[in-house]
Amino acid sequence: MEGIEHRMVSVNGINMHIAEKGEGPVVLFLHGFPELWYSWRHQITSLASHGYRAVAPDLRGCGDTDSPPSSSSYTVFHIVGDLIALINLLDQDQVFVVGHDWGAYIAWCFCLFRPDRVKALVNLSVAFIPRNPSGKPLDLMRAALGDDYYFCRFQKPGDMEEVFARFGSTGSALKRFITSLKAGPLFLPKGKEFGDSPDHEISLPSWLSEEDINYYASKFNIKGFTGGLNYYRSFDMNWELMAPWTGVQVKVPVKFVVGELDIVYNTLNAKEYIHGGGFKSDVPFLEDVVVMEGVGHFINQERPDEINTHILDFIKRF
C-alpha cells in the first residue's frame with residue numbers, strides 16, 4: 001500500500017476519510033459491509049499504476065468517516081449526496097465508479113440519480129435491484145426466507161451489535177461473519193448465529209491475513225458496527241423514498257462481475273434475473289456479465305489480479 005495518501009474532507013455535512021493514489025481520470029471505489037476503503041487496497045495500487053487516480057472513501061458510518069447515530073441518516077440519498085459532494089470537491093465532472101456489496105447498491109442508485117456524473121460503472125457481487133411496487137422489501141424477504149435471514153436479523157437496533165460483542169473481540173466477530181458467507185442464503189438463528197462457541201478458533205481464507213483483520217478491527221473497535229448495520233436498517237425507507245424511480249432504467253455503460261459462490265448471486269432468484277433478460281432490460285447499456293468460477297462474495301480481495309484486469313479492460317474504452 002506504499003504511496004496511498006489519506007486525508008479528511010468535508011462533504012454534505014459530514015467529515016469523510018478518503019484514501020487515494022495516482023494521477024489521471026478518477027475511479028471512485030465504494031466498499032460494502034463489514035468493510036472499509038481498505039477492501040480496495042489491491043485495486044488502488046493497480047489502477048494508480050495504469051494512469052488513473054484511485055479514490056476510495058470510508059463511506060458514511062464506517063472507518064474514519066463520521067457516523068451519525070440514526071438509521072434515518074443512511075438512506076441512499078444521504079450517501080449518494082456524500083459522493084456527489086466528494087466528486088465536486090475533487091473538481092470532477094464525471095468519474096468511473098466501481099462498487100461491491102453495499103457499495104454496488106449505492107453505485108446503482110448513484111447512476112439512477114445522477115447518470116450525468118458517471119462515465120462507466122463496474123459493479124461486483126450485487127446486481128441492480130429494481131424497485132418492486134407491490135411491497136416493502138423486508139416484508140418480501142421475511143415471507144420468502146423467514147426472520148432468521150441475515151437481512152431481517154440486522155434490523156433491530158442493538159441486536160446484532162450484541163451478537164458481535166459475544167465473540168469477545170472485534171477481530172473474532174469479523175472472522176466469523178466473513179467466513180460465514182457461503183453460496184446460498186445466510187441464516188442467523190438467535191443464539192446460534194455462527195454455529196460455534198466464542199472460544200472456537202476460525203481459520204482465515206488464503207486471501208485474508210491476520211494483518212488485514214487487525215486493520216479492520218482497529219477501526220470497528222472505535223466506531224462499532226452500528227454505522228454499517230444502518231445501511232440494512234434504512235432499506236425499507238429507501239424503498240419508500242425511491243417511489244419516483246419505479247421502472248427507471250440505469251443508463252450508463254456497465255460491466256458486472258460476480259463469483260459463482262457469492263451469497264447474493266445464490267439467493268432470491270438473482271441468477272434468473274441476471275441471466276434471464278431482466279437485468280439487461282433494466283440496465284440497457286449492460287455490456288458484459290462475468291461469472292467467476294470458484295469465487296465467493298469478497299471477489300475483489302479473493303481474486304485481485306483478475307478483478308483489476310476486468311476493471312481496466314472496461315474503463316479504458318471510455
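Since the structure is predicted, the reported quantities are computational estimates derived from the model, not experimental observations.
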Can Leu124 be reached from Phe285 by stepping across I, L, V, M, F, W or Y side chains whose heavy atoms are under 4.5 Å apart? no
Results of side chain to side chain donor-acceptor pair (under 3.5 Å) for [X] - residues two or more places apart only:
X      : value
Asp64  : Lys219
Tyr150 : none
Ser72  : Ser70

Take a 6.0 Å sphere around CD of Glu293 and say whether it holds more than 12 heavy atoms from other residues, nucleotides or ligands. no
Taking CG in Asp91 as the centre, count heavy atoms belonging to other residues, nucleotides or ligands within less than 6.0 Å. Is the count above 12? no
Which word best sums up how the rings of Phe164 and Phe33 line up, parallel for under 30°, tilted for 30 to 60°, or perpendicular for over 60°? tilted
Mind checking whether Phe314 and Phe318 have parallel, tilted or perpendicular rings, split at 30° and 60°? perpendicular
Under a plain distance cut-off of 3.5 Å, with no hydrogens placed, do [Y] and [X] share a side-chain donor-acceptor pair?
X      : Y      : answer
Tyr273 : Asp282 : yes
Ser218 : Asn221 : no
Glu20  : His6   : no
Arg41  : Gln301 : yes
Arg303 : Asn308 : no
Ser172 : Arg176 : yes
Ser125 : Asp262 : yes
Ser39  : His100 : no

Under 6.0 Å between ring centres: does that hold for Phe235 and Tyr105? yes
With sequence neighbours left out, which residue pairs that include part of residues 43-63 fulfil the ring pair (Phe, Tyr, Trp, His ring centres under 6.0 Å) condition? none
Verdict with reasoning, Phe298 to Trp207, per ring pair (Phe, Tyr, Trp, His ring centres under 6.0 Å): CA-CA 9 Å; Phe298 297 96; Trp207 51 267; 5.6 Å; yes
Using atom types as modelled and distance alone, determine if a side-chain donor or acceptor of Arg117 lies under 3.5 Å from a backbone N or O of Ile84. no
Would you check if the side chain of Glu193 reaches a backbone N or O of Gly191 as a donor-acceptor pair within less than 3.5 Å? yes
Test Phe77 against Trp245 for ring pair (Phe, Tyr, Trp, His ring centres under 6.0 Å), laying out the working first. CA-CA 12 Å; Phe77 293 94; Trp245 283 268; 5.5 Å; yes
Sorted by chain and number, sequence neighbours left out, ring-ring contact (aromatic ring centres under 6.0 Å, His included) with Tyr265 holds for His275
Which of Val95, Val55, Asp93 passes side-chain contact (heavy atoms from CB on, under 4.5 Å) with Ile87? It is Val95
Please report the C-alpha distance between Phe279 and Phe256 in whole Å, then the side-chain angles of each, then the deciding distance to 0.1 Å, and finally whether the ring pair (Phe, Tyr, Trp, His ring centres under 6.0 Å) criterion is met. CA-CA 10 Å; Phe279 194 14; Phe256 179 69; 5.4 Å; yes
Please identify which of these residues, Phe225, Trp102, Tyr74, meets the ring-ring contact (aromatic ring centres under 6.0 Å, His included) condition with Tyr232. Trp102
Walk me through whether Asp82 and Arg60 qualify under salt bridge (Lys or Arg N to Asp or Glu O under 4.0 Å). CA-CA 8 Å; Asp82 298 343; Arg60 173 181 291 239; 2.8 Å; yes
Please step through side-chain hydrogen bond (donor to acceptor under 3.5 Å, both in side chains) for the pair Asn238 and Thr75, ending with a clear verdict. CA-CA 6 Å; Asn238 288 334; Thr75 72; 4.6 Å; no
Distance-only donor-acceptor pairs under 3.5 Å for side chains of residues 246-253, two or more places apart:
{"residue": "Thr246", "atom": "OG1", "partner": "Arg131", "partner atom": "NH1", "Å": "2.9"}
{"residue": "Thr246", "atom": "OG1", "partner": "Ala243", "partner atom": "O", "Å": "2.8"}
{"residue": "Gln249", "atom": "NE2", "partner": "Ser281", "partner atom": "O", "Å": "2.8"}

